[in-house]
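So the structure is just underneath, and the comments pick up after that.
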Amino acid sequence: MFAAFGLAYAGKLGVPAAVMLTVTIVTAALGIVVQPYAGILADRIGRKPVFITGNIVCAASVFAFFWSISAGSIPLIFATAILFMTVGYGMVNPLGPSMTAEMFETRIRYTGAATASQLGLVVTGFAPAIAAAIVQPGPDGWLPVAFFTAACCLVSAVVTAVWVKETYRTRTEDLGKQPASAA
């Protein structure tokens, strides 16, 4: 949504492509710095709270990001993009792979994590096309896209809160196994 649809949408509104490409590069570069800290925080307080918080930040900041594009304010585009991608997504992106792998016990971990991540990529790959189909004309035409993106982020947060087991203090050999009382 950020790089593919954001760039296309901004271009339709007259925001120079060079600005949006620079925003993408800046947020990615800042992400290289920020994402290790998300991992460190997750090691201290748990993966779930950091992952859920990141999704909530993304869900809220996507509105500010698309609004700043519609306003055509380059400083606001940079500020909201940093909040959306560097802070919000920077909390989600580094934790997803480890959280996915830790859902499976050792003998099926590789297959389980690979299947889950690839199916997730197939589904999310359609997000820019869905956004292009639901965007509306006019100054508030971005709202359906922001609501769609926020809904996806919030579903991820809720699913993580309800169904994903916290594993940051679990021994590697115990990952993916049901507790004795649940068996």
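- Side-chain atoms of Q35 do not come within 3.5 Å of backbone N or O of V33 as any donor-acceptor pair.
- Note: W142 and F63 have perpendicular aromatic rings, judged against thresholds of 30 and 60 degrees for the angle between ring planes.
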- [ ] Please lay out, stage by stage, how V23 and F2 fare under the test side chain to side chain contact (heavy atoms under 4.5 Å, CB included).
- [x] CA-CA 10 Å; V23 166; F2 175 79; 3.7 Å; yes

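- Side chains of M20 and V15 form a contact here, defined as non-hydrogen atoms less than 4.5 Å apart.
- Looking only at side-chain heavy atoms (C-beta outward), V87 and V34 stay at 4.5 Å or farther from each other.
- Under the 4.5 Å side-chain criterion, counting only non-hydrogen atoms from C-beta, W67 is in contact with L76.
- When atom types are taken as modelled, the side chain of R47 and the backbone of Y168 share no donor-acceptor pair closer than 3.5 angstrom.
- Considering every non-hydrogen atom in both V92 and G54, the closest pair reads CG2-C, 3.6 Å.
- Side-chain contact check for P49 versus E166: some heavy-atom pair is nearer than 4.5 Å.
- Annotation: side chain of V164 is in contact with side chain of M103 (closest heavy-atom distance under 4.5 Å).
- For the pair S156/F51, a side-chain contact is recorded, criterion being any heavy-atom separation below 4.5 Å from C-beta on.
- Here the side chains of L41 and Y37 are not in contact, with every heavy-atom distance at 4.5 Å or above.
- In terms of modelled atom types and a separation under 3.5 Å, the side chain of S117 and the main chain of A114 share a donor-acceptor contact.
- Between the side chain of K48 and the backbone N or O of A161, at least one donor-acceptor pair lies under 3.5 Å.
- With T27 contributing its side chain and T24 its backbone, the two residues share a donor-acceptor pair below 3.5 Å.
- Ring to ring, F5 and F66 are close: their centroids are under 6.0 angstrom apart.
- Residues F148 and V145 are not in side-chain contact: their nearest non-hydrogen atoms beyond the backbone lie 4.5 Å or more apart.
- For Y89, the OH atom sits in a loose shell: 12 or fewer heavy atoms of surrounding residues, nucleotides or ligands are nearer than 6.0 Å.
- Taken to the nearest 0.5 Å, the NZ atom of K12 stands 11.5 Å off from the CG atom of L7.
- For the pair T22 (side chain) and A18 (backbone), a donor-acceptor distance under 3.5 Å is present.
- The distance from atom CG of L30 to atom CD1 of I25, rounded to the nearest 0.5 Å, is 12.0 Å.
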